[in-house]
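Beneath this line is the structure, given in structure tokens, with notes to follow.
Just so you know, these numbers come straight off a predicted model, no measurement behind them.
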Amino acid sequence: MSRSGAVERAIAALRTGRAVRIEAGEPFVFVSIETATPELLRLLDPESKSPLLISGRRAAALSLANERDAADPAQPVLVAREPWLDRAAAITLADPAQDLARAPIGPLHSLRLKSPDAAQAALVLTRAAGLLPAVWLVDAPDASISIPLDELVGDNLQPDVTLLSRARLPLDGMPDTQIFAFRGSDDGQDHVALLVGAFGGKPPLVRLHSECLTGDVFGSLKCDCGPQLKEALRLIGAAGGGVLLYLRQEGRGIGLANKLRAYALQDRGLDTVDANLRLGFSDDERDYAHASAILRALGIEEVRLLTNNPNKVAALEAEGIKVAERVAHHMPANPHNADYLAVKREKSGHLP
């Protein structure tokens with residue numbers, strides 16, 4: 001089994017509520033608090049003693065940062081199991097969208113982590129699965145999948161893509177367009193490339209568009225994603241050709257359910273960056289390894305990138321794709337997304 005295959009299987013196991021074991025000196029076995037069923041928990045943890053692993057940022061929000069074993073917000077924190085800390089309480093603790101709705105609970109106490117690197121890798125896998133970064137550590141030698149720790153660090157997580165299918169796709173007012181479906185080797189997600197017109201051997205105009213169900217499909221006014229998508233296609237068509245990649249990294253890579261949790265936090269006054277941090281994610285969980293792999297599969301090594309995000313330029317170049325030019329991509333604000341766009345400029349480095 002390839003390294004990328006092991007990662008893909010571990011992510012699939014977490015999404016379906018099964019246990020994953022990381023081999024790190026001594027076995028480190030865990031299940032997601034979201035997907036592990038009560039029946040599975042009773043089987044794996046019959047005495048209800050399994051501790052809860054959460055992110056350092058979430059621990060700080062729960063006022064655990066004054067304890068020695070929870071003082072670093074960059075490191076996962078192991079929370080001791082208490083009689084009241086059942087599955088429902090654990091989800092309430094892990095989901096900050098419920099902070100203002102739940103009654104006070106506690107007390108909480110942190111424990112020393114014996115395998116901090118394995119703990120960090122466990123939360124990386126959980127985030128990659130689109131789940132809350134919170135897991136039960138269980139004693140289950142027969143976990144559904146086992147993966148060595150060294151397969152979860154550095155270049156070993158570098159994904160590849162496989163071309164699944166391609167077809168002509170007539171688009172209104174656009175040059176001849178082909179659609180390509182690629183599957184990521186790490187998480188099994190299907191990404192799309194639209195190859196528009198012809199670019200005559202010159203660096204094509206390229207847009208890396210992250211999936212946004214609420215904006216692209218339903219026309220949400222909370223973001224500028226839908227208008228960005230439409231305008232990117234218009235600009236690529238006007239240029240005579242180019243490429244639009246539609247990447248499956250909803251909510252800056254945190255997944256649809258977590259994006260909606262972030263929306264709930266924004267309704268309570270947090271901005272988009274602080275909401276992601278409160279959930280236990282970074283400001284932006286996306287990477288562009290899939291994008292670079294797709295571009296290479298299309299024979300493209302140099303692009304004109306349609307973006308206002310300098311971090312996207314740097315990330316693509318770090319993956320080995322040369323950015324010959326950054327082409328500005330501005331959308332007008334509306335009353336619902338003006339603050340969101342301001343935060344992207346002030347906190348996330350987007351250009352005005």
Side-chain angles (χ1 to χ4, degrees), residues 1-15 121 124-130 145 147 151-169 171 177-199 203-213 216 225 229 232-233 236 241-256 284-307 309 311-324:
M1 180 176 57
S2 69
R3 285 171 172 170
S4 58
V7 172
E8 183 178 345
R9 287 187 59 206
I11 289 171
L14 289 171
R15 285 175 174 162
V124 167
L125 278 175
T126 309
R127 292 185 181 101
I145 179 169
I147 182 168
E151 295 196 15
L152 296 169
V153 296
D155 292 340
N156 291 326
L157 281 177
Q158 192 77 359
D160 198 359
V161 294
T162 300
L163 175 62
L164 302 177
S165 56
R166 61 187 290 181
R168 291 182 61 251
L169 186 71
L171 297 178
T177 300
Q178 297 181 69
I179 184 169
F180 296 73
F182 291 88
R183 179 164 296 161
S185 63
D186 54 342
D187 59 5
Q189 294 269 42
D190 293 346
H191 306 273
V192 164
L194 292 181
L195 191 63
V196 179
F199 30 93
L205 184 61
V206 171
R207 171 67 183 170
L208 309 182
H209 188 86
S210 297
E211 176 185 39
C212 178
L213 176 70
D216 299 340
C225 300
L229 177 60
L233 285 172
I236 290 171
V243 178
L244 185 139
L245 301 189
Y246 197 81
L247 303 167
R248 302 293 301 279
Q249 38 193 23
E250 180 86 48
R252 295 187 182 180
I254 68 174
L256 178 61
D284 193 338
E285 289 280 340
R286 294 174 294 181
D287 69 58
Y288 296 96
H290 291 118
S292 65
I294 292 170
L295 290 171
R296 287 195 185 90
L298 295 173
I300 297 168
E301 298 283 348
E302 185 175 355
V303 302
R304 298 166 58 231
L305 192 62
L306 188 58
T307 185
N309 185 355
N311 294 329
K312 192 177 286 187
V313 175
L316 199 57
E317 290 197 319
E319 297 291 343
I321 300 295
K322 182 178 179 182
V323 178

[atom1]/[X] to [atom2]/[Y] distance, rounded to the nearest 0.5 angstrom?
{"X": "Leu316", "Y": "Asp287", "atom1": "CG", "atom2": "CG", "value": "11.0 Å"}
{"X": "Leu295", "Y": "Phe182", "atom1": "CG", "atom2": "CZ", "value": "9.0 Å"}
{"X": "Asn309", "Y": "Arg286", "atom1": "CG", "atom2": "CZ", "value": "6.5 Å"}
{"X": "Glu317", "Y": "Glu302", "atom1": "CD", "atom2": "CD", "value": "9.5 Å"}
{"X": "Arg207", "Y": "Arg304", "atom1": "CZ", "atom2": "CZ", "value": "14.0 Å"}
{"X": "Leu195", "Y": "Ile179", "atom1": "CG", "atom2": "CD1", "value": "11.0 Å"}

Using side-chain heavy atoms (C-beta onward) and a distance below 4.5 Å, is [X] in contact with [Y]?
{"X": "His191", "Y": "Leu245", "result": "no"}
{"X": "Leu229", "Y": "Leu244", "result": "yes"}
{"X": "Arg296", "Y": "Ile321", "result": "yes"}
{"X": "Ile294", "Y": "Phe180", "result": "no"}
{"X": "Asn311", "Y": "Asp284", "result": "no"}

Might you point out which heavy atoms bring [X] and [Y] nearest each other, and give the distance in Å?
{"X": "Ile236", "Y": "Val243", "result": "CD1-O, 3.5 Å"}
{"X": "Ile145", "Y": "Ala10", "result": "CD1-N, 3.5 Å"}
{"X": "Asp216", "Y": "Ser210", "result": "OD2-O, 4.2 Å"}
{"X": "Leu247", "Y": "Ala291", "result": "CD1-CB, 4.0 Å"}
{"X": "Arg248", "Y": "Asp190", "result": "CG-O, 2.7 Å"}
{"X": "Phe199", "Y": "Gly241", "result": "CD2-C, 4.2 Å"}

> Can Thr307 and Val313 be said to form a side-chain contact (heavy atoms from CB on, under 4.5 Å), step by step?
Replying inline: CA-CA 8 Å; Thr307 185; Val313 175; 4.0 Å; yes

>> Strictly distance-based, threshold 3.5 Å: is any side-chain N or O of Arg183 a donor or acceptor partner for the main-chain N or O of Thr162?
In response: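 Here the side-chain-to-backbone pair does not exist.
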
